[in-house]
Amino acid sequence: MRIFASTALLACICPVLAQAPESLTPPGSWNQWRGPDRSGVVAGPSWPKNLVSENFEREWRIDLQASYSGPVVDAERIYTTATVDKKDELVCAIDRFTGEEIWSRRWE
């Protein structure tokens, strides 16, 4: 009886666990290579038909240095990497809404 109860409980929990990582990812997060489901697409409002300046308003801007990876985005921060002077690596956490640097770490 104990084996049957354990198996029944496992059968009920497995579908929930299989969906858990997706449900824990906030909308708009770009938290891994090629986005939330690795498709290169994030669900959201439709883009305008023409990419002209009237359709966008820049909120902030930072210059990125040469790097081996692209930015990673979560609900609150943007993480960037850089190779500095061809010898040091740098990773920075940027506030997603203000563009202010929250922290950075550099190593040889």
Side-chain angles (χ1 to χ4, degrees):
M1 183 67 171
R2 185 175 279 199
I3 293 174
F4 175 75
S6 298
T7 305
L9 180 61
L10 186 60
C12 292
I13 291 175
C14 283
V16 173
L17 293 177
Q19 294 175 5
E22 183 179 315
S23 64
L24 296 176
T25 303
S29 289
W30 198 266
N31 58 356
Q32 62 181 333
W33 183 72
R34 295 189 44 85
D37 62 1
R38 295 188 178 193
S39 67
V41 176
V42 173
S46 298
W47 278 70
K49 289 187 182 243
N50 297 311
L51 297 178
V52 294
S53 61
E54 293 83 33
N55 294 334
F56 297 97
E57 181 179 333
R58 180 183 294 164
E59 294 186 18
W60 55 267
R61 176 188 171 143
I62 60 170
D63 291 325
L64 298 177
Q65 300 178 37
S67 175
Y68 289 101
S69 68
V72 176
V73 180
D74 69 18
E76 299 173 359
R77 296 183 179 144
I78 300 170
Y79 302 91
T80 64
T81 60
T83 302
V84 181
D85 299 328
K86 296 183 180 180
K87 66 177 188 132
D88 291 346
E89 296 300 316
L90 173 71
V91 63
C92 298
I94 310 295
D95 184 285
R96 182 174 174 171
F97 304 100
T98 66
E100 297 294 320
E101 184 177 293
I102 298 169
W103 56 259
S104 66
R105 301 294 183 269
R106 186 174 175 161
W107 66 94
E108 210 173 310

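In this text, all values refer to a predicted model and were calculated from it rather than measured experimentally.
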Side-chain donor/acceptor of R77 to backbone N/O of D95, under 3.5 Å: no
Shortest non-hydrogen contact between E76 and F97, atoms and distance: CA-CE1, 4.3 Å
Listed partners of L90 passing side chain to side chain contact (heavy atoms under 4.5 Å, CB included), at least two apart: Q65, A82, V84, C92, S104, R106
Main-chain N/O of S39 paired to D37 side chain as donor or acceptor, under 3.5 Å: yes
Donor-acceptor under 3.5 Å (T81 side chain, S67 main chain): no
Close side-chain approach of V72 to W33, heavy-atom, < 4.5 Å: no
Side chains of E89 and V91 in contact at under 4.5 Å (non-hydrogen atoms): no
Cluster link W60 to V73, ILVMFWY, side chain under 4.5 Å: yes
Single-linkage hydrophobic cluster, 4.5 Å side-chain cutoff, I94 and L64 together: yes
Y68: partners by side chain to side chain contact (heavy atoms under 4.5 Å, CB included), with sequence neighbours left out: T83
